Number of protein chains: 2
Amino acid sequence: MNDRTQRSEEIGELEVWCAGEEWCPVTTTSSLIGKKWHPVIIHRLLDHGPSGFNELQTAVDGISSKVLSDSLEDLEEKSLVDREVISDKPVRVRYSLTDHGRSLQPVIYAMRDWGLEHLADPSETDSPRE
Amino acid sequence: MNDRTQRSEEIGELEVWCAGEEWCPVTTTSSLIGKKWHPVIIHRLLDHGPSGFNELQTAVDGISSKVLSDSLEDLEEKSLVDREVISDKPVRVRYSLTDHGRSLQPVIYAMRDWGLEHLADPSETDSPRE
DNA sequence: CTGAATCCTAAAGGATACTG
DNA sequence: CAGTATCCTTTAGGATTCAG
């Protein structure tokens with residue numbers, strides 16, 4: 001195992017290597033957004049624009065506050081999401097995509113389009129939801 | 001090929017819903033290829049064509065045989081990868097993408113392109129991000 | 001060479017309750 | 001509102017060994 005590949009993004013540098021000494025953009029991208037909820041969160045921020053915490057939780061649907069909080073923190077560390085406190089009393093926070101995060105749009109939309117084209121909505125094909 | 005119906009039965013249990021009753025293609029796509037090694041494996045199969053097990057393990061680099069085996073099995077169950085035994089003595093197996101798997105090319109390439117553009121190879125620059 | 005079988009640890013994800 | 005704090009279960013991933 002090449003130990004340079006070991007979660008070095010936490011150290012700040014993103015070193016993901018593949019065969020030989022070749023650096024792999026797919027692996028690296030995957031390590032950034034390859035968490036369960038990351039693509040969805042980014043998708044919602046792309047479509048809905050800046051959102052508050054609960055607003056986002058509703059939009060993602062099914063995610064617990066703890067996981068959403070953890071995910072957002074992770075995305076923030078990766079400079080993909082920006083967190084802004086816009087009011088102290090009551091506390092009000094706004095999450096938005098950074099330019100870096102917004103640049104992921106083609107990736108997220110590629111996933112969306114592929115899903116639409118190749119993964120039929122079960123409610124529209126044959127098997128209705130139980 | 002009219003495998004849409006058949007495939008939706010295979011993935012029919014894959015009910016990923018988002019806000020309200022809305023089905024979410026991003027979430028669903030993410031649940032298919034959102035594993036650590038899946039995008040890389042698919043990428044290698046796209047670029048190298050049908051490959052043997054060790055060939056693939058070398059191409060992915062850093063993956064253990066167990067994880068590669070598990071990943072391939074998972075991809076097979078999802079009808080993205082095809083496994084073919086092409087020789088019995090000695091055992092020789094060939095993994096390739098199904099049509100369904102190959103259709104993911106735009107997604108994988110979007111990830112690759114984004115990585116190339118927004119995540120510089122650390123060996124070539126010190127500031128991959130803004 | 002093809003992997004499968006074990007065993008193990010760390011991390012992710014989730015349920016629930018609570019707080020300023 | 002926007003989270004924390006616990007506690008818990010599940011899963012991913014890896015090391016090693018074994019076998020056809």
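A note on names: the letters A, B, ... follow the listed sequences, proteins ahead of strands, and every chain is numbered from 1. Keep in mind the model is a prediction, meaning the values are calculated, not measured. No hydrogens, no waters, no symmetry mates; every other heavy atom, side chains included, goes into these values.
- The side chain of B/N54 contributes an N or O atom lying less than 4.0 Å from OP1 or OP2 of C/dT2.
- Between the side chain of B/K36 and the base of D/dG13, no donor-acceptor pair of N or O atoms lies under 3.5 Å.
- Going from atom CG of A/L56 over to atom P of D/dC1 covers 13 Å, rounded to whole Å.
- B/N54 is linked by a side-chain hydrogen bond (donor to acceptor under 3.5 Å, both in side chains) to nothing, counting only residues two or more places apart in sequence or in another chain.
- Nearest-nucleotide positions on DNA chain C for A/V91 and A/G62 put A/G62 closer to the 5' end.
- Contacts of B/R83 with the nucleic acid, taken as non-hydrogen atoms under 4.0 Å apart, involve only primed sugar atoms and P, OP1 or OP2.
- Taken to the nearest 0.5 Å, the OG1 atom of B/T27 stands 11.5 Å off from the CG atom of A/L119.
- A/L72 places its CG atom 11 Å from the C1' atom of D/dG3, with the value rounded to the nearest Å.
- Overall, the helix from C/dC1-D/dG20 to C/dG20-D/dC1 carries an axis bend of 50° between its ends, with five pairs at each end and the value rounded to 10°.
- One interatomic measurement links the two molecules: NE2 of A/H38 to C1' of C/dA12, which rounds to 10 Å at whole-angstrom precision.
- The base of D/dG13 sits within donor-acceptor range of the side chain of B/K66, with an N or O pair under 3.5 Å.
- Contact annotation: the side chain of B/I42 approaches that of B/L75 to within less than 4.5 Å [non-hydrogen atoms, C-beta and beyond].
- The separation between B/L75 atom CG and D/dA12 atom P is 12 Å, rounded to whole Å.
- By the 4.5 Å heavy-atom criterion applied to side chains, A/D113 and B/V107 are not counted as neighbours.
- If you measure from atom CD of B/Q57 to atom P of D/dA15, you get 11 Å, rounded to the nearest angstrom.
- Within the nucleic acid shown, B/V93 comes within 4.0 Å of sugar-phosphate atoms alone, with no base atom in reach, counting heavy atoms only.
- In this structure the side chain of A/F53 reaches within 4.5 angstrom of the side chain of A/S69, judged on heavy atoms.
- Protein atom CD1 of A/I63 is 7 Å distant from nucleotide atom P of C/dG14, rounded to whole Å.
- Phosphate proximity of C/dT2 to B/S65: absent, as no side-chain N or O sits under 4.0 Å from OP1 or OP2.
- At least one donor-acceptor pair closer than 3.5 Å links the side chain of B/T29 to the backbone N or O of A/M111.
- Donor-acceptor pairing under 3.5 Å, judged by distance alone, is absent between the side chain of B/S64 and the base of D/dT16.
- Between the CH2 atom of A/W37 and the C1' atom of C/dG13 there is a distance of 9 Å, rounded to whole Å.
- Here B/Y95 reaches the OP1 or OP2 of C/dG3: one of its side-chain N or O atoms lies under 4.0 Å away.
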Contacts table for residues 90-98 of chain B: side-chain donor-acceptor under 3.5 angstrom, sequence neighbours left out:
residue: B/R94; atom: NH2; partner: B/E84; partner atom: OE1; Å: 2.8
residue: B/Y95; atom: OH; partner: B/R83; partner atom: NE; Å: 3.2
residue: B/T98; atom: OG1; partner: B/S79; partner atom: O; Å: 2.7
residue: B/T98; atom: OG1; partner: B/L80; partner atom: O; Å: 3.2
residue: B/T98; atom: OG1; partner: B/H100; partner atom: N; Å: 3.3
residue: B/T98; atom: OG1; partner: B/G101; partner atom: N; Å: 2.9

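- Using a 4.0 Å heavy-atom cutoff across all strands shown, B/K35 reaches sugar-phosphate atoms only and no base atom.
- Counting only heavy atoms from C-beta on, A/V67 has its side chain closest to C/dG14 among C/dG14, C/dT2, D/dG3.
- At a threshold of 4.5 Å between non-hydrogen side-chain atoms, the residues A/R44 and B/C24 count as touching.
- For B/R92 and C/dC1, the shortest distance from a side-chain N or O to OP1 or OP2 is not below 4.0 Å.
- D/dG3 atom C1' lies 10 Å from atom CG of A/L68, rounded to whole Å.
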